[in-house]
Structure formats: structure tokens, C-alpha cells
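Sequential numbering from 1 along the given sequence is applied to the chain's residues. These values consider heavy atoms only, across backbone and side chains, with no hydrogens, waters or symmetry-generated copies.
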Amino acid sequence: SLLVIERGETPKATIFANLSSRPTAVELPGEARLLLSTEEAEFGGTRRTLDNVVELLPYEFVLIGDSTCPTFPRPT
């Protein structure tokens with residue numbers, strides 16, 4: 001099952017969380033910037049890139065923001 005939590009107006013942040021043990025299709029808003037995924041490689045996950053996420057892996061959550069939402073610094 002998919003849980004969606006929205007907070008704020010400007011900037012707006014949204015979390016999509018897959019609460020099941022199976023991959024779940026997700027349609028992220030077109031204007032969304034993917035800010036964080038629990039499946040990113042730096043967190044021990046299998047995602048090497050956050051481009052074109054169309055499904056969430058089991059128990060994965062992603063944080064997206066609109067164009068005004070600040071981004072997180074990435075390790076180099």
C-alpha cells in the first residue's frame with residue numbers, strides 16, 4: 001500500500017512511502033524534484049540514480065519537493 005503525506009504550501013514537500021513487501025508503481029508530479037530516497041546507494045540501497053522513478057521498492061520512501069524547496073547537500 002502507498003502512503004502519501006503532503007506538507008506546506010510554498011515550499012511544498014511530499015513523502016511517498018511504499019508500506020508493502022512488493023514494488024509499487026508511483027506517479028510523481030511532473031514539477032517534482034526528488035530530494036531523497038531510502039533506496040539511494042549512500043543509505044545502503046540499490047538506486048544509483050534518482051532519475052525517472054516510476055516504482056517504489058518494498059518499504060522505500062521518497063521525499064519530493066517543488067521548485068522552491070531547498071535541496072540537501074550530497075556527499076562527494
Side-chain angles (χ1 to χ4, degrees):
S1 82
L2 186 66
L3 173 68
V4 180
I5 302 171
E6 294 182 329
R7 291 291 180 255
E9 292 181 23
T10 303
K12 180 179 180 180
T14 306
I15 293 173
F16 290 83
N18 179 3
L19 303 178
S20 74
S21 61
R22 296 184 179 172
T24 300
V26 65
E27 191 171 324
L28 302 178
E31 72 282 356
R33 291 190 312 172
L34 198 50
L35 302 173
L36 176 106
S37 166
T38 55
E39 280 294 323
E40 287 182 69
E42 68 188 88
F43 301 119
T46 59
R47 289 201 190 274
R48 301 291 173 231
T49 178
L50 295 181
D51 297 335
N52 198 28
V53 172
V54 294
E55 77 174 7
L56 297 181
L57 300 175
Y59 308 109
E60 177 182 15
F61 88 79
V62 294
L63 171 64
I64 64 167
D66 63 19
S67 62
T68 65
C69 199
T71 59
F72 299 103
R74 296 290 187 200
T76 55

- Might you point out which heavy atoms bring S1 and S20 nearest each other, and give the distance in Å? N-CB, 3.4 Å

- Kindly indicate whether the side chain of V26, heavy atoms from C-beta on, has any atom under 4.5 Å from the side chain of V54. no

- Item | Test item: L56 and P23 side chains (from C-beta on) under 4.5 Å apart, heavy atoms | no

- Query: Could you walk me through whether E60 and S37 pass the side-chain hydrogen bond (donor to acceptor under 3.5 Å, both in side chains) check?
  - Reply: CA-CA 7 Å; E60 177 182 15; S37 166; 2.5 Å; yes

- Message: Does any part of the side chain of R7, heavy atoms only, come nearer than 4.5 Å to the side chain of K12, both counted from C-beta?
- Response: no

- Query: About how many Å separate CZ of F16 and OG1 of T24, when rounded to the nearest 0.5 Å?
  - Reply: 12.5 Å

- Task: Work out which heavy atom in A13 is nearest to a heavy atom in L63; give both atom names and the distance.
- Result: CB-CD1, 4.1 Å

- L57 to N18 - nearest heavy-atom pair and separation: O-ND2, 3.0 Å

- Please test L34 against V53 for side chain to side chain contact (heavy atoms under 4.5 Å, CB included), starting from the C-alpha separation and ending with a verdict. CA-CA 9 Å; L34 198 50; V53 172; 3.5 Å; yes

- Item | Spacing of R47 atom CZ and E42 atom CD [to the nearest 0.5 Å] | 13.5 Å

- Query: Is any side-chain heavy atom of L36 closer than 4.5 Å to a side-chain heavy atom of F61?
  - Reply: yes

- T14 side chain to I64 main-chain N or O, any donor-acceptor pair under 3.5 Å? no

- Item | Linked, directly or transitively: L28 and L2 (ILVMFWY side chains, under 4.5 Å) | yes

